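Letters A, B, ... are given to chains in the order of the sequence lines, protein chains preceding strands, and every chain is numbered from 1. Note that this is a predicted model, so its numbers are computed, not measured.
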Amino acid sequence: MTAVHEQRVLLLSVGAGRFAVVEITGEGSAGERRDLSESELIEWVDRRERAQSPRWVIRAASEIYPRLLSAGVRLGRTHDLVLCHAILRDTAIVPRPLAPSADWARREPVVEAPALFDAFDESVEEHPVDQALAQYRAQSDVIASSTDGRLLLLCAAESAGGLIAEEMRAAGLPWDDVEHDRILTEMLGTRPIGGGLPSRMVELGDRVREILGDRSLHLDSQPKMLRALHRVGVHVESTSKWELAQHEHPVVEPLLAYKKMSRLLSANGWAWLAEWVHDGRFRPVYVPGGVVTGRWASSGGGALQLPRGLRTAVRADPGWMLIVADVAQLEPRMLAAMAADQAMARAAQGRDLYAGVVESGAVATREEAKYAVLGAMYGATTGDSGRLVPRLRKVYPRAMSLVDDAARSGEDGGVVSTWLGRSSPRPSVEWSQLQSRATDADVDQSEVAVARRRARDWGRFTRNFVVQGTAAEWSLIWLAEIRHRLDALPPAPTPAAASGPFARRAHLAFFLHDEVILHVPEEQADAAAEAVREAAAVATRRLFGTFPIDVPLDLRVSRSGEK
DNA sequence: TACTGGTGCGCG
DNA sequence: AAAGCGCGCACCAGTA
């Protein structure tokens with residue numbers, strides 16, 4: 001699997017606007033080295049990328065790639081030392097994982113950059129190159145020690161994700177701010193001129209205050225709202241919509257409507273639009289590997305929480321189209337394949353896994369199937385969901401054993417791993433102490449109960465970790481394969497308005513766990529859609545070989561981003 | 001005034 | 001008031 005002939009080049013910022021590019025020899029030591037200014041670097045990297053497409057060994061895509069992209073230069077393949085450090089340090093699938101190093105841990109975004117450090121740049125100039133090569137060698141050794149190639153695939157996919165995150169930010173998600181404004185006005189009423197709430201919210205708020213008999217009630221204060229509700233006989237323990245909806249009282253409907261509006265205004269209102277959408281593009285900050293399971297996180301812009309109702313504001317540029325694709329029930333499909341559970345894989349054939357579960361006779365309705373499957377993966381023990389899980393244990397014993405074993409490992413303080421070898425964090429010292437105290441002879445029964453509860457909490461986490469993490473791996477490979485295929489398409493006849501380095505290229509524009517949005521020239525819509533389908537098939541094959549698991553896509557080609 | 005924890009809700 | 005995982009963000013209230 002290892003491409004021994006693959007050319008590798010270290011690309012490193014060495015401070016003070018200087019960069020080093022160093023050929024990496026077969027043994028992983030330094031070959032020829034060039035020291036370049038930023039403009040020289042951009043030209044050199046571009047030429048080398050086009051000529052040989054080496055694997056670039058970089059510290060972190062987030063640190064170096066944005067400036068290359070803004071100059072129109074792309075990197076094909078990388079080994080991202082920071083992203084891979086996290087994987088290889090924590091992996092439990094090899095006997096000797098990577099030694100942890102603070103130098104290669106993810107840097108917290110520095111709010112204020114201390115000017116102090118610039119002064120040291122010159123004196124340490126030689127060290128970054130040597131240290132980076134040493135770190136790369138150490139990582140390569142760990143990767144090679146996973147003889148089935150899992151860590152090689154995982155690190156390649158993770159590194160590709162690092163590139164894609166920056167590329168999607170550079171390209172942005174095409175966003176129609178006029179349509180967004182229209183939706184806001186329709187839902188919330190007229191936008192206030194000099195601050196304050198939009199008209200419909202003012203009206204609704206007044207109605208709520210009137211019904212509650214408190215003209216000065218502050219609706220955003222949970223304690224005050226709770227007291228006001230109690231005064232009129234609505235005896236809720238919280239102000240959550242779920243609980244409020246249980247009550248029949250004239251205040252419920254306008255209050256729930258107000259809360260919904262309030263949420264839209266504060267999360268994705270006009271302020272959000274002004275801050276996050278520029279030149280017709282929404283550019284969120286993606287954080288690849290930001291979740292322990294390997295899922296991406298985001299920071300700023302709430303990229304992973306875009307309400308469905310706002311999707312109509314996603315709009316392709318003239319002459320371009322959007323491809324919106326997602327996987328239905330990715331996680332249980334991953335579970336069936338990981339466990340090689342033929343019965344569950346049969347249920348997963350076709351578009352609707354839950355319908356397949358009903359057909360298997362495990363449960364009676366699709367709704368029950370959904371609750372049962374989610375409960376199995378999340379560790380439900382009570383309620384409707386918990387009641388249904390044992391039925392799945394009968395019909396899909398292999399799949400259920402996999403998640404049950406993962407839960408037991410976690411409860412015992414152990415570590416679990418995804419299909420490709422990303423491992424769960426060790427429980428905290430406090431957790432371990434709590435567990436060991438619970439076995440003492442003279443321990444208080446309440447303390448035992450707390451320890452048991454915390455053990456089960458951690459078990460639910462490790463239970464879900466293997467499934468959520470493997471799904472994240474599938475998605476990562478899917479993304480990387482989509483990118484690879486889109487790069488083979490010819491330049492666009494009509495440029496996209498504000499997509500920067502991607503103005504003439506079909507590109508990924510959005511990613512959300514198991515969903516992608518592509519922005520593509522309309523002439524290439526069919527080819528791009530096919531690329532998305534092929535990439536999904538390849539991702540499934542890469543992970544599970546010939547095991548017959550369906551991973552069907554819901555895919556539509558349109559001008560807007562609705563599903 | 002700046003922080004932290006709690007609440008609530010959007011997404012998968 | 002969700003049950004049952006993983007997130008980010010806004011807002012409030014209490015505290016330093």
K.L.:
What does Arg460(A) touch in the nucleic acid at a heavy-atom separation under 4.0 angstrom: a base, only the sugar-phosphate, or nothing?
P.N.:
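Counting heavy atoms under 4.0 Å across all strands, the contact made by Arg460(A) is with sugar-phosphate only.
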
K.L.:
With heavy atoms under 4.0 Å as the rule, sort Ala267(A) into base, sugar-phosphate or nothing.
P.N.:
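Here Ala267(A) touches no strand at all.
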
K.L.:
State whether Lys259(A) places a side-chain N or O below 4.0 Å from either non-bridging phosphate oxygen (OP1 or OP2) of dT7(B).
P.N.:
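For dT7(B), OP1/OP2 do not have a side-chain N/O of Lys259(A) under 4.0 Å.
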
K.L.:
Between P on dC9(B) and CG on Leu255(A), what's the gap in Å once rounded to a whole number?
P.N.:
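Going from Leu255(A) (CG) to dC9(B) (P), I get 10 Å.
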
K.L.:
Less than 4.0 angstrom from a charged side-chain N to a carboxylate O is my criterion; do Glu253(A) and Lys241(A) meet it?
P.N.:
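Salt bridge absent between Glu253(A) and Lys241(A).
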
K.L.:
Can you tell me the distance, in whole Å, between the CG atom of Leu330(A) and the C1' atom of dC5(C)?
P.N.:
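Computing the Leu330(A):CG to dC5(C):C1' distance gives 15 Å.
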
K.L.:
Please verify the inter-ring angle class for Trp419(A) with Phe544(A); under 30° counts as parallel, over 60° as perpendicular, anything in between as tilted.
P.N.:
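Geometry flag for Phe544(A) against Trp419(A): tilted rings.
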
K.L.:
To the nearest Å, how far apart are Glu515(A) CD and dC7(C) P?
P.N.:
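The distance from CD of Glu515(A) to P of dC7(C) comes to 20 Å, rounded to the nearest Å.
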
K.L.:
Are the charged groups of Asp214(A) and Arg231(A) less than 4.0 angstrom apart, N to O?
P.N.:
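The answer is yes: the pair qualifies as a salt bridge.
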
K.L.:
Can a side chain N or O of Thr381(A) be found less than 4.0 Å away from OP1 or OP2 on dG4(C)?
P.N.:
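Yes.
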
K.L.:
dG5(B) and dA3(C): how far apart are their C1' atoms, nearest whole angstrom?
P.N.:
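The same atom, C1', in both gives a distance of 24 Å.
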
K.L.:
With rounding to whole Å, what would you report as the distance between dG4(C) and dT4(B) at their C1' atoms?
P.N.:
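Approximately 27 Å lies between the C1' atom of dG4(C) and that of dT4(B).
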
K.L.:
Can you tell me the distance, in whole Å, between the NZ atom of Lys224(A) and the C1' atom of dG6(B)?
P.N.:
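Result: 16 Å.
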
K.L.:
Want to settle it: does Trp242(A) or Arg263(A) sit nearer the 5' end of DNA chain C, counting the closest nucleotide to each?
P.N.:
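This one resolves to Trp242(A).
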
K.L.:
Does Gln468(A) make a side-chain donor-acceptor contact with the base of dG6(C), cut-off 3.5 Å?
P.N.:
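It does not, because no donor-acceptor pair links the side chain of Gln468(A) to the base of dG6(C) below 3.5 Å.
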
K.L.:
Between C1' on dA13(C) and CZ on Arg227(A), what's the gap in Å once rounded to a whole number?
P.N.:
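Result: 11 Å.
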
K.L.:
Which heavy atom in Thr190(A) sits nearest to a heavy atom in Ser199(A), and how many Å separate them?
P.N.:
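So the minimum-distance heavy-atom pair works out to N-OG, 2.8 Å.
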
K.L.:
Within the 4.0 Å heavy-atom criterion, would you say Thr239(A) contacts the bases, only the backbone, or no part of the nucleic acid?
P.N.:
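Answer is sugar-phosphate: Thr239(A) comes under 4.0 Å of backbone atoms only.
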
K.L.:
Among the candidates dG4(C), dG10(B), dC7(C), find the nucleotide nearest to the side-chain atoms of Ala380(A).
P.N.:
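Of the candidates, dG4(C) comes closest.
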
K.L.:
Report yes if a side-chain nitrogen or oxygen of His218(A) is closer than 4.0 Å to either non-bridging phosphate oxygen (OP1 or OP2) of dC12(C); otherwise report no.
P.N.:
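Checking dC12(C) against His218(A), a side-chain N or O does come within under 4.0 Å of OP1 or OP2.
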
K.L.:
Do Phe465(A) and Trp458(A) have their ring centres less than 6.0 Å from each other?
P.N.:
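Here the rings of Trp458(A) and Phe465(A) have centres that are no less than 6.0 Å from each other.
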
K.L.:
With no hydrogens and no angle check, do the side chains of Tyr378(A) and Ser385(A) hold a donor and an acceptor under 3.5 Å apart?
P.N.:
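Their side chains do not contain a donor-acceptor pair, so the 3.5 Å distance test is not met.
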
K.L.:
Between Glu237(A) and Ser385(A), name the one whose nearest nucleotide on DNA chain C is closer to the 5' end.
P.N.:
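Its nearest nucleotide being more 5', the pick is Glu237(A).
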
K.L.:
Counting only Watson-Crick pairs (N1-N3 plus N6-O4 or O6-N4) and G-U wobbles (N1-O2, O6-N3), all under 3.5 Å, who is the partner of dG4(C)?
P.N.:
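dG4(C) is unpaired by these criteria.
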
K.L.:
Answer with base, sugar-phosphate or nothing: what part of the nucleic acid does Leu374(A) contact at a heavy-atom distance below 4.0 Å?
P.N.:
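No contact at all - Leu374(A) keeps every heavy atom at 4.0 Å or more from the nucleic acid.
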
K.L.:
Could you tell me whether the phosphate oxygens of dC9(C), OP1 or OP2, come under 4.0 Å of any side-chain nitrogen or oxygen in Ser266(A)?
P.N.:
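Negative; the distance criterion is not met.
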
K.L.:
Classify the ring geometry between Trp272(A) and His180(A) as parallel (under 30°), tilted (30 to 60°) or perpendicular (over 60°).
P.N.:
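Taking His180(A) first and then Trp272(A), their aromatic rings sit tilted (interplane angle of 30° to 60°).
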
K.L.:
Just call it for Arg308(A): base, sugar-phosphate, or nothing, with non-hydrogen atoms closer than 4.0 Å on any strand.
P.N.:
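Here Arg308(A) touches the backbone only, sparing every base.
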
K.L.:
When you check the phosphate oxygens OP1 and OP2 of dA2(C), does a side-chain N or O of Ser240(A) lie under 4.0 Å from one of them?
P.N.:
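Yes.
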
K.L.:
So Tyr371(A), base contact, sugar-phosphate only, or nothing? Heavy-atom distance under 4.0 Å.
P.N.:
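Since a base atom lies under 4.0 Å of Tyr371(A), the category is base.
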
K.L.:
In whole angstrom, give the distance that lies between atom CG of Leu304(A) and atom P of dA10(C).
P.N.:
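Result: 14 Å.
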
K.L.:
Is Gln222(A) near enough to dG8(B) that one of its side-chain N or O atoms lies under 4.0 angstrom from OP1 or OP2?
P.N.:
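So the side-chain polar atoms of Gln222(A) do come within 4.0 Å of the phosphate oxygens OP1 or OP2 of dG8(B), strictly under.
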
K.L.:
Output the rounded distance in Å from NZ (Lys260(A)) to P (dG8(B)).
P.N.:
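Between P of dG8(B) and NZ of Lys260(A): 17 Å.
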
K.L.:
Need one value for Gly379(A): base, sugar-phosphate or nothing, where a base atom within 4.0 Å counts as base even if backbone is also close, heavy atoms only.
P.N.:
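Sugar-phosphate: the residue Gly379(A), judged by heavy atoms under 4.0 Å, touches backbone atoms but no base.
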
K.L.:
Of all the nucleotides listed (dC11(B), dG8(B), dC12(C)), which has the minimum atom distance to the side chain of Gln305(A)?
P.N.:
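Of the options given, the side chain of Gln305(A) lies nearest dC11(B).
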
K.L.:
Nearest whole angstrom, please: distance from the P of dG4(C) to the CZ of Arg463(A).
P.N.:
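Atom CZ in Arg463(A) sits about 11 Å away from atom P in dG4(C).
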
K.L.:
Could a donor-acceptor pair under 3.5 angstrom be found where the side chain of Arg295(A) meets the base of dG12(B)?
P.N.:
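Yes.
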
